[in-house]
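Data block below; observations after.
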Amino acid sequence: ATQLITSNNLILGDLNRHPELDVAIDGADEVDFELNCIKGGGGCHTQEKLVAANAKSFIVIADSRKDSRALGEKWTKGIPIEVIPFAYVSVMRKIEALGLQPTLRMATQKAGPVVTDNGNFVVDATFCKVCNTKF
């Protein structure tokens, strides 16, 4: 994203310089009929959540390919969760205790796990049956 912004001569900001935002816009990986979303498939969870939390309005954009009757119907990779590397095993155990099936997301262009912009890992938590449980 940084390269895209700077290559188009746009000014890159951050929350230290702009702690309050009027609006934040982001995409979703899947959206159900109640407008619940799975987000974070790209792996920039923490920064995206902080931007959204500091915006007066948060807008999620998704086209018809992301529409489903229930979460997990189309986005089958699971719920993406950003975790601190030194605790990923204990976090995965907690996820299992919730009845989900965690998998450490592995990189495709290098050896080892996917590393986020913050130096963290991504765990994808799949579930056997689509449900309406709120975690």
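To the nearest 0.5 angstrom, Lys74 atom NZ is 10.0 Å from Lys66 atom NZ. Distance check: Thr76 OG1 to Asp29 CG gives 11.0 Å after rounding to the nearest 0.5 Å. Note that the CG atom of Asp117 and the NE2 atom of His45 stand 10.5 Å from one another [nearest 0.5 Å]. The NZ atom of Lys39 sits 14.0 Å away from the CD1 atom of Ile79 when rounded to the nearest 0.5 Å. Atom CG in Leu100 sits 7.0 Å away from atom CD1 in Ile81 (nearest 0.5 Å). Summarising the geometry, atom CZ belonging to Arg93 is positioned 15.0 Å from atom CG belonging to Leu98; distances are rounded to the nearest 0.5 Å.
Across every non-hydrogen atom of Gly27 and Val60, the tightest pair is C-CG1, 4.2 Å. Nearest heavy-atom pair, Thr6 versus Gln3, reported as atom, atom and distance to 0.1 Å: OG1-O, 3.3 Å. Summarising the geometry of Gly41 relative to Pro80, their closest heavy-atom pair is N-CG, 3.7 Å, with the distance given to 0.1 Å. Between Ser68 and Ala70, the closest heavy-atom pair is OG-O, 3.1 Å. Closest approach of Val31 to Ala62, counting heavy atoms only: CG2-CB, 3.8 Å.
Using a 4.5 Å heavy-atom threshold, the side chains of Thr46 and Thr116 count as separate. The closest side-chain heavy-atom distance from Asn120 to Pro85 is below 4.5 Å. Under the 4.5 Å side-chain criterion, counting only non-hydrogen atoms from C-beta, Leu21 is in contact with Leu15.
There is a path of hydrophobic side-chain contacts, each under 4.5 Å, that joins Val83 to Ile95. Hydrophobic cluster membership is shared by Phe121 and Met106, with clusters built from Ile, Leu, Val, Met, Phe, Trp and Tyr side chains linked at under 4.5 angstrom. Connection of Leu35 to Leu71 is not established within any shared hydrophobic cluster, with ILVMFWY side chains joined at heavy-atom distances below 4.5 Å, either directly or through further cluster members.
Atom CD1 of Ile11 is surrounded by 12 or fewer heavy atoms from other residues, nucleotides or ligands within 6.0 Å. Around atom NZ of Lys77, no more than 12 heavy atoms belonging to other residues, nucleotides or ligands sit under 6.0 Å away.
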TODO: Given side-chain contact (heavy atoms from CB on, under 4.5 Å), test Val123 with Val91 step by step and report yes or no.
DONE: CA-CA 9 Å; Val123 171; Val91 170; 5.5 Å; no

- [ ] Check step by step if side-chain contact (heavy atoms from CB on, under 4.5 Å) holds for Phe58 and Val51.
- [x] CA-CA 9 Å; Phe58 179 58; Val51 168; over 6 Å; no

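Judged purely by atom type and a 3.5 angstrom limit, Glu30 uses its side chain to pair as donor or acceptor with the backbone of Glu73. The backbone N or O of Pro102 lies less than 3.5 Å from no partner atom in the side chain of Glu96, so there is not a single donor-acceptor pair. Not one N or O on the side chain of Thr103 forms a donor-acceptor pair closer than 3.5 Å with the backbone of Arg105. In this structure, Asp32 contributes its side chain and Glu34 its backbone to a donor-acceptor pair below 3.5 Å.
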